[in-house]
Amino acid sequence: MALSLHRDSANDSVAFFSQAATFERLWPLIEARVHQVFDRGKFSHGRQVAELEQALAAYTGAGHVVGVNSGTDALVLLLRACGLRPGDGVLVPAYSFVATASSVVLAGGRPQFVDIDPARHAMDPAALEAAVTPASRFVMPAHLFSRMADTAALAAVADRHGLILLEDSAEAIGMRRGGLHAGLHGAGGVLSFFPSKTLGALGDAGAVLTDDPEVAERVAALRHHGRPGRTLDDFPAIATPSALPGVNSKMDDLQAAVLLAKLTRLDADIARRAALGAAYRRRLTGVPGITRLPPAPAHGPDSSDVLYVYLIEAERRDALADHLARRGIGTEVYYPLPLPLQPAFASLGHRPGDFPHAEAASARALALPLYPDLTEDQVDRVCAEIRAFRTGRPS
Ligand SMILES: Cc1ncc(COP(=O)(O)O)c(C=O)c1O
């Protein structure tokens with residue numbers, strides 16, 4: 001049966017994010033997968049999850065992929081599986097999604113913030129060197145928006161100080177550097193399948209990537225109350241009590257089914273994102289007050305960028321976002337407050353001015369609509385309104 005979703009074609013608004021056309025296009029693939037779930041009658045942690053783990057291992061080149069129920073849980077369980085002890089210092093970027101640092105607290109560690117390299121919006125290796133303390137045990141850069149952090153330089157600092165390198169690669173499916181997929185440059189990384197991600201589910205889901213079989217085994221146990229066994233299909237009938245106090249972070253088979261269907265289109269979707277990024281770049285280059293556009297994504301056998309979020313930096317950012325909202329164009333501020341200044345981390349005692357590059361990015365960053373089913377006409381409309389705001393002339 002075809003899927004036909006309601007869309008308001010009468011108005012010319014541009015949603016910040018929409019999957020309606022994607023789901024209509026992929027519905028036959030998704031429907032076939034969803035039928036398999038209902039036919040088997042296993043809705044959690046079953047065969048679709050195991051298949052997705054294998055398909056993601058093949059796509060990323062990871063030795064092991066362990067599906068869990070969000071990118072945030074993936075970070076917490078990865079930190080625990082890698083031996084984080086209470087109070088261990090984990091060096092994280094001062095500018096990222098809150099889960100990069102809250103996962104550290106949830107796992108029992110202490111975030112140690114590091115300023116970013118403004119060219120990459122990612123942890124600055126020189127600032128990392130300066131932030132290491134005797135309490136530091138881990139370093140966890142995040143790969144945000146479209147490019148990876150400089151993993152080689154960060155790994156060199158980590159090695160010099162005996163730190164374990166983990167990656168918050170929640171946004172980075174498809175991104176590679178030096179021939180390695182994001183998440184595989186240290187002891188492990190994660191993926192988020194939140195609906196707006198490059199590979200998005202119908203709700204929450206996530207995964208851990210690692211080449212270390214012991215880390216994979218521990219994450220696999222932690223996600224299911226500490227019990228060994230990879231999926232519900234291969235659990236022993238009577239589960240052995242475990243020494244690991246785990247959580248319930250199993251992945252739903254319906255999410256895995258949707259992700260397996262969408263994975264077949266991922267590279268085409270990534271190419272479409274690059275084409276839309278080029279369209280934005282052509283139209284926004286030279287517009288006054290736009291202080292930064294994303295770099296054109298590199299695409300080669302060894303290193304590839306992925307335009308997950310089209311993030312510009314702009315003067316009078318909030319006024320620009322308001323202007324666009326009044327004309328029906330959705331935008332998002334990624335991320336409105338640097339992590340060290342967020343209330344959740346107030347006890348660490350940071351002050352405005354401590355992380356100047358993170359603060360500058362938070363004051364200027366604005367994400368424009370970007371998803372495979374956006375049209376070039378819609379990109380035109382967004383850019384015309386940005387120019388109108390800048391020049392004060394109606395579009
Ligand atoms: C950088 C980063 N880290 C962690 C997460 C958390 O992932 P999730 O929303 O799946 O819990 C996200 C996604 O929202 C993210 O963008």
Side-chain angles (χ1 to χ4, degrees), residues 16-17 19 49 52 56 65-80 90-107 109 111 113-114 116 120-123 138-149 151 154 166-175 181-183 185-186 188-209 219 222-223 247-252 255-256 258-259 262 294 305-311 332-339 342 344-345 358 361-362 365 367 370-371:
F16 176 66
F17 175 69
Q19 300 208 79
V49 175
L52 176 67
L56 287 169
V65 175
V66 186
V68 295
N69 74 10
S70 70
T72 304
D73 271 14
L75 288 171
V76 176
L77 299 189
L78 175 65
L79 285 158
R80 288 185 59 193
V90 183
L91 294 138
V92 291
Y95 176 74
S96 183
F97 182 62
V98 64
T100 307
S102 58
S103 60
V104 172
V105 177
L106 292 169
F113 292 108
V114 180
I116 56 165
R120 286 186 181 274
H121 286 129
M123 186 184 279
F138 293 85
V139 52
M140 187 162 76
H143 310 303
L144 302 180
F145 313 131
S146 64
R147 290 178 92 180
M148 287 178 59
T151 39
L154 295 169
L166 301 176
E167 293 162 83
D168 181 348
S169 40
E171 300 187 0
I173 194 160
M175 295 187 201
H181 194 278
H185 294 250
V190 304
L191 295 173
S192 164
F193 306 116
F194 182 73
S196 62
K197 292 285 186 278
T198 308
L199 179 65
L202 292 181
D204 285 300
V208 168
L209 311 180
V219 173
L222 284 169
R223 73 178 159 177
V247 294
N248 177 4
S249 186
K250 301 191 292 293
M251 188 192 280
D252 289 348
Q255 301 302 350
V258 170
L259 291 168
K262 289 180 80 181
D305 302 334
V306 173
L307 272 176
Y308 156 57
V309 165
Y310 198 82
L311 191 95
E332 289 274 336
V333 172
Y334 287 178
Y335 297 99
L337 201 57
L339 295 174
Q342 294 196 11
F345 310 109
S362 287
L370 182 76
Y371 37 93

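Scope of the values below: all heavy atoms of this structure, side chains included, with no hydrogens, waters or symmetry mates. Remember, it's 1-based here, ligands and their atoms both numbered in the order they're listed.
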Among all protein heavy atoms in this structure, tell me which lies nearest to atom 14 (O) of ligand 1, with the distance rounded to 0.1 Å. K197 NZ, 3.1 Å
Between F345 and F113, does the ring centre distance come in under 6.0 Å? yes
Is there a side-chain contact (heavy atoms from CB on, under 4.5 Å) between M123 and M140 once you walk through the steps? CA-CA 9 Å; M123 186 184 279; M140 187 162 76; over 6 Å; no
Indicate whether the side chain of H143 and that of E167 have a donor and an acceptor atom separated by less than 3.5 Å. yes
Please say whether S96 places an N or O atom under 3.5 Å from an N or O atom belonging to ligand 1. no
CA sep, side-chain torsions, deciding dist, call: V309, S146, side-chain contact (heavy atoms from CB on, under 4.5 Å): CA-CA 7 Å; V309 165; S146 64; over 6 Å; no
Shortest protein contact, atom 12 (C) of ligand 1 (heavy atom only): F97 CD2, 3.5 Å
For ligand 1, which part of T72 has a heavy atom less than 4.0 Å away: the side chain, the backbone, both, or neither? both
Classify the contact between A99 and ligand 1 as side chain, backbone, both or neither, using a heavy-atom distance cut-off of under 4.0 Å. side chain
Which label fits F97 and Y335: parallel for a plane angle under 30°, tilted from 30 to 60°, or perpendicular past 60°? tilted
With the side chain counted from C-beta on, respond yes when V104 and S102 share a heavy-atom pair under 4.5 Å apart, and no when they do not. no
Of all protein heavy atoms, the one nearest atom 16 (O) of ligand 1 is E171 OE2, 2.7 Å
Nearest-option assignment for atom 2 (C) of ligand 1, heavy atoms, candidates V68, D168, V309: D168
Among all protein heavy atoms, pick the one closest to atom 9 (O) of ligand 1 and tell me residue, atom and distance. S192 OG, 3.9 Å
Are any of the N/O atoms in F194 less than 3.5 Å from those in ligand 1? no
Within ligand 1, which atoms have a heavy atom of A170 less than 4.0 Å away? 2 (C), 3 (N), 4 (C), 5 (C), 12 (C), 15 (C)
Flag the pair V68 / K250 as yes when at least one side-chain heavy-atom distance between them is below 4.5 Å, and no otherwise. no
Is ligand 1 less than 4.0 angstrom away from at least one heavy atom of H143? no
Using the side-chain contact (heavy atoms from CB on, under 4.5 Å) rule, take V306 and I173 through it: C-alpha gap first, then chi angles, then the decisive distance, then the call. CA-CA 8 Å; V306 173; I173 194 160; over 6 Å; no
With backbone taken as N, CA, C and O and side chain as the heavy atoms from C-beta onward, which portion of V190 lies under 4.0 Å from ligand 1: side chain, backbone, both, or neither? neither
Do S70 and D204 have a side chain donor and acceptor closer than 3.5 Å? no
Atoms of ligand 1 close to L144 [distance to a heavy atom under 4.0 angstrom, numbered from 1]: 1 (C)
